[in-house]
Amino acid sequence: MRVILAGEGRIIYHLARQFRQKHGMRLVIVTPNEDEARTLSRRLGVQVILNDATVPAILEEAGALRADAVLALTPHDEDNLAICQIARQLYQVPRVIALVNDPDNEEIFHRLGVTVAISATRILSILLEEEAGFEAIGQMIALAKGRVAVSEVVLRHEAPAVGRRVDSLELPEDALIGGIIRSDNVLIPKGPTQLQGEDRIILIATEDCLHQAISLLAGTAAE
Amino acid sequence: MNPEQDGPASLLDAVRLNDPVAPVVIVGCGRLGAMLASRLSRGERRVVVVDRNQAAFAQLDADFSGFRVTGDATELEVLREAGLEQAAYLLVTTEKDTLNLMVAQVGRTVFSVPQVMARVYDPQRESLYRAFDIETISPTSLTALAFLQRTPAPGGY
């Protein structure tokens, strides 16, 4: 798989380090920052192009014509959008992934052809807003353009769902328990399955009812 | 929603373009933006200028009668505040190509502004964004053309 990473900051370094260890991954980094370019190529030995990835010729030089994915990770939304659109429109890169700094831009990015737009701000604010407390919710994955979230909810012993059968939970329409991790076992929940304290629940829910589903399972932090 | 919105987009565009009080929104109050804003305001157009730097508005004519909005135009909130929902024209003139192109596309897709124009310095990017229903104006191409018209070459260009 050929991947182009465009942007700057520690995130590039850490992603590159992870990708480098994966078998068959061919990585090219485009960064405008000279110090980072030097560090990346010295310490990781990956191919680094010191330049502006929002210029089509630079993306082409990085191998956009044969790339399987382009990740745009600059701190500027307009640059991330341009990188993705150039990759997609001019070079037909199948997957273009952008970091969205302003969470309001997430939907716009999707409308403008970005395959995946990731808003760290929004993920963090969802976690913070959940009254159950963010230590109880982990590994959020956003699917279907952010409309569906997969979360892991840890049940405290005093959580309202403890002791109840799955079919008695009255979860909102668009929420589903996909699995229960109990000790080291994974249970596929059936109607009569009874929830216990310390269960880790894999919750699949749409954005709209995520909050409701989590408070039904885990309760609020104030309790 | 407004029943008019069920009609064809071109009809809606025409309504907004012919509305004499529908504003012209100008993003970027540099030399170009300030000149456009001042001239249009003199021509009795309602004008809103957006710049993230308040000091930039000093370049406007003393008798400029339009509105000034201070903020980053990549934020939807700022564009909404500038009245993009009613705007007939959006002229995007900052110094940064990628910003101009993003704001132009947001103006077209989110706010359905009928006529959107963006300044784009790099001709390579210009060709790309024609695909997105955005009219781009490239100072580089325009200047090159002006020079070339005065500099004949036997084999053409």
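Values in this document were obtained by computation on a predicted structure and should not be read as measured data. Convention: sequence-line order gives letters A, B, ...; per-chain numbering from 1.
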**Student:** Which pair of non-hydrogen atoms, one from A:Pro56 and one from B:Arg125, has the smallest distance, and what is that distance?
**Tutor:** CD-CG, 4.0 Å

**Student:** State whether the number of non-hydrogen atoms from other residues, nucleotides or ligands found under 6.0 Å of A:Arg95 atom CZ is greater than 12.
**Tutor:** no

**Student:** What part of B:Leu99 gets closer than 4.5 Å to chain A, counting heavy atoms only: side chain, backbone, both or neither?
**Tutor:** both

**Student:** Show the numbers, then the answer: is there a side-chain contact (heavy atoms from CB on, under 4.5 Å) between A:Leu81 and B:Thr98?
**Tutor:** CA-CA 8 Å; A:Leu81 180 65; B:Thr98 53; over 6 Å; no

**Student:** Do other residues, nucleotides or ligands put more than 12 heavy atoms under 6.0 Å from the CZ atom of B:Arg80?
**Tutor:** yes

**Student:** Of all heavy-atom pairs between B:Met102 and A:Glu78, which one has the smallest distance, and what is that distance?
**Tutor:** SD-CA, 3.5 Å

**Student:** Among the options A:Asn101, A:Asp104, A:Leu90, pick out the one with the most heavy-atom pairs lying under 4.5 Å from chain B.
**Tutor:** A:Leu90

**Student:** Tell me, out of B:Glu77, B:Lys96, B:Glu75, who's got the most heavy-atom pairs with chain A below 4.5 Å.
**Tutor:** B:Lys96

**Student:** How about A:Phe19: does its CZ atom have over 12 heavy atoms from other parts shown lying under 6.0 Å from it?
**Tutor:** yes

**Student:** Mind checking whether B:Asp97 and A:Thr54 have side chains closer than 4.5 Å, heavy atoms only?
**Tutor:** no

**Student:** So with a 6.0 Å cut-off around CD of B:Gln59, is the heavy-atom count from everything else above 12?
**Tutor:** yes

**Student:** Could you tell me which portion of A:Gln85 (side chain, backbone, both or neither) has an atom closer than 4.5 angstrom to a non-hydrogen atom of chain B?
**Tutor:** both

**Student:** Test side-chain contact (heavy atoms from CB on, under 4.5 Å) on A:Ile108 and B:Leu76 and set out the steps.
**Tutor:** CA-CA 10 Å; A:Ile108 295 170; B:Leu76 276 185; 3.5 Å; yes

**Student:** Is chain B contacted by the side chain of A:Ile86, its backbone, both, or neither, given a heavy-atom distance below 4.5 Å?
**Tutor:** both

**Student:** Please say whether more than 12 non-hydrogen atoms of neighbouring residues, nucleotides or ligands are located less than 6.0 Å from CE in B:Met117.
**Tutor:** yes

**Student:** Verify the distance criterion only: is there a donor paired with an acceptor across the side chains of B:Thr74 and A:Asp77 at less than 3.5 Å?
**Tutor:** no

**Student:** Please check if the number of heavy atoms outside B:Arg52 that lie under 6.0 Å from its CZ is greater than 12.
**Tutor:** no

**Student:** Flag yes if more than 12 heavy atoms outside B:Arg45 fall under 6.0 Å of its CZ atom; otherwise flag no.
**Tutor:** yes

**Student:** Crowded around B:Arg42 CZ? As in, over 12 foreign heavy atoms under 6.0 Å?
**Tutor:** yes

**Student:** Can you tell me which portion of A:Asp79 sits under 4.5 Å from chain B's heavy atoms? Options are side chain, backbone, both or neither.
**Tutor:** both

